[in-house]
Amino acid sequence: MIKITVEDREGAVRLLEITAATEQNLMETLKTFEYDMRATCGGMALCADCHCKIVNGGDNLPEPEEAELITLDTRPDANASSRLACQLKVNSQIDGLHIKLMGYQ
Ligand code: FES
């Protein structure tokens, strides 16, 4: 069981329980939980629609690839805690993660 806490764009906080690691990325998984994920680029790290900030629990996350960093650079509200949900795999590395979804630009 993978548990993550998600704060949506309206400030509502919800604990999600994901039964097992999937082949999906976190953006796709959030869609299955009915979160509004516009994801214009379809998960290619190009649009930043899935921009989120790590509130805590991000110690086990892999470092972002260059494409993710370049796209995050286009967001004026991005900082060192920013990630693209489409670039995070749903596995034990995200267990315990607390994220906040950021607004669209
Ligand atoms: S869905 Fe476009 S950057 Fe993640």
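Every heavy atom of this structure was used, including side-chain atoms; hydrogens, water molecules and symmetry mates were not.
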Practice task
State the CG-CD distance between L72 and Q87, to the nearest 0.5 angstrom.
Solution key: 9.5 Å

Handout entry: M102 CE to H51 NE2 distance, which is reported to the nearest 0.5 Å
Key = 5.0 Å

Exercise for the section: Look up atom CG in N91 and atom CD1 in I18, then write down how far apart they are to the nearest 0.5 Å. Expected result: 10.0 Å

Exercise for the section: Using a 4.5 Å cut-off on heavy atoms from C-beta on, say whether the side chain of V6 contacts that of F33. Expected result: no

Exercise for the section: Look at atom CD of Q105 and say whether more than 12 heavy atoms of other residues, nucleotides or ligands are closer to it than 6.0 Å. Expected result: yes

Exercise for the section: Say whether Y35 and I94 are linked into one hydrophobic cluster, either directly or through other cluster members, by side-chain heavy-atom distances under 4.5 angstrom. Expected result: yes

Problem - I2 vs V90 side-chain heavy atoms within contact, under 4.5 Å - result: yes

Practice task
Return yes if some donor-acceptor pair links the side-chain N/O of Y104 with the main-chain N/O of R38 below 3.5 Å, else return no.
Solution key: yes

Completion exercise
Distance col, row C50:SG vs N25:CG, nearest 0.5 angstrom, shows 7.5 Å

Problem - L88 side chain reached by Q93 side chain, heavy atoms, under 4.5 Å - result: no

Handout entry: Nearest atoms (heavy-atom pairs only) where C86 meets A45
Key = SG-N, 3.8 Å

Problem - Residue among L15, T5, I4 satisfying side chain to side chain contact (heavy atoms under 4.5 Å, CB included) with H98 - result: T5

Practice task
Please examine the side chains of D8 and I99, heavy atoms only from C-beta on, and report whether any two atoms are closer than 4.5 Å.
Solution key: no

Practice task
Please answer whether the main-chain N or O of T40 pairs with a side-chain N or O of D49 as donor and acceptor at a distance below 3.5 Å.
Solution key: yes

Completion exercise
CD of E68 to CE of M44, rounded to nearest 0.5 Å, is 13.5 Å

Exercise for the section: Check whether more than 12 heavy atoms from other residues, nucleotides or ligands sit under 6.0 Å from atom NZ of K53, and answer yes or no. Expected result: yes

Practice task
Side-chain contact test, heavy atoms from C-beta onward, threshold under 4.5 Å: evaluate it for L16 versus K3 and give yes or no.
Solution key: no

Problem - Min side-chain heavy-atom separation L30-L101 under 4.5 Å - result: yes

Problem - T71 side, atom OG1; E66 side, atom CD - distance, nearest 0.5 Å - result: 10.5 Å

Problem - Closest approach of M27 to G42 (non-hydrogen atoms, all atoms of both residues) - result: CE-C, 4.1 Å

Handout entry: I54 and R83, any side-chain heavy atoms less than 4.5 Å apart
Key = yes

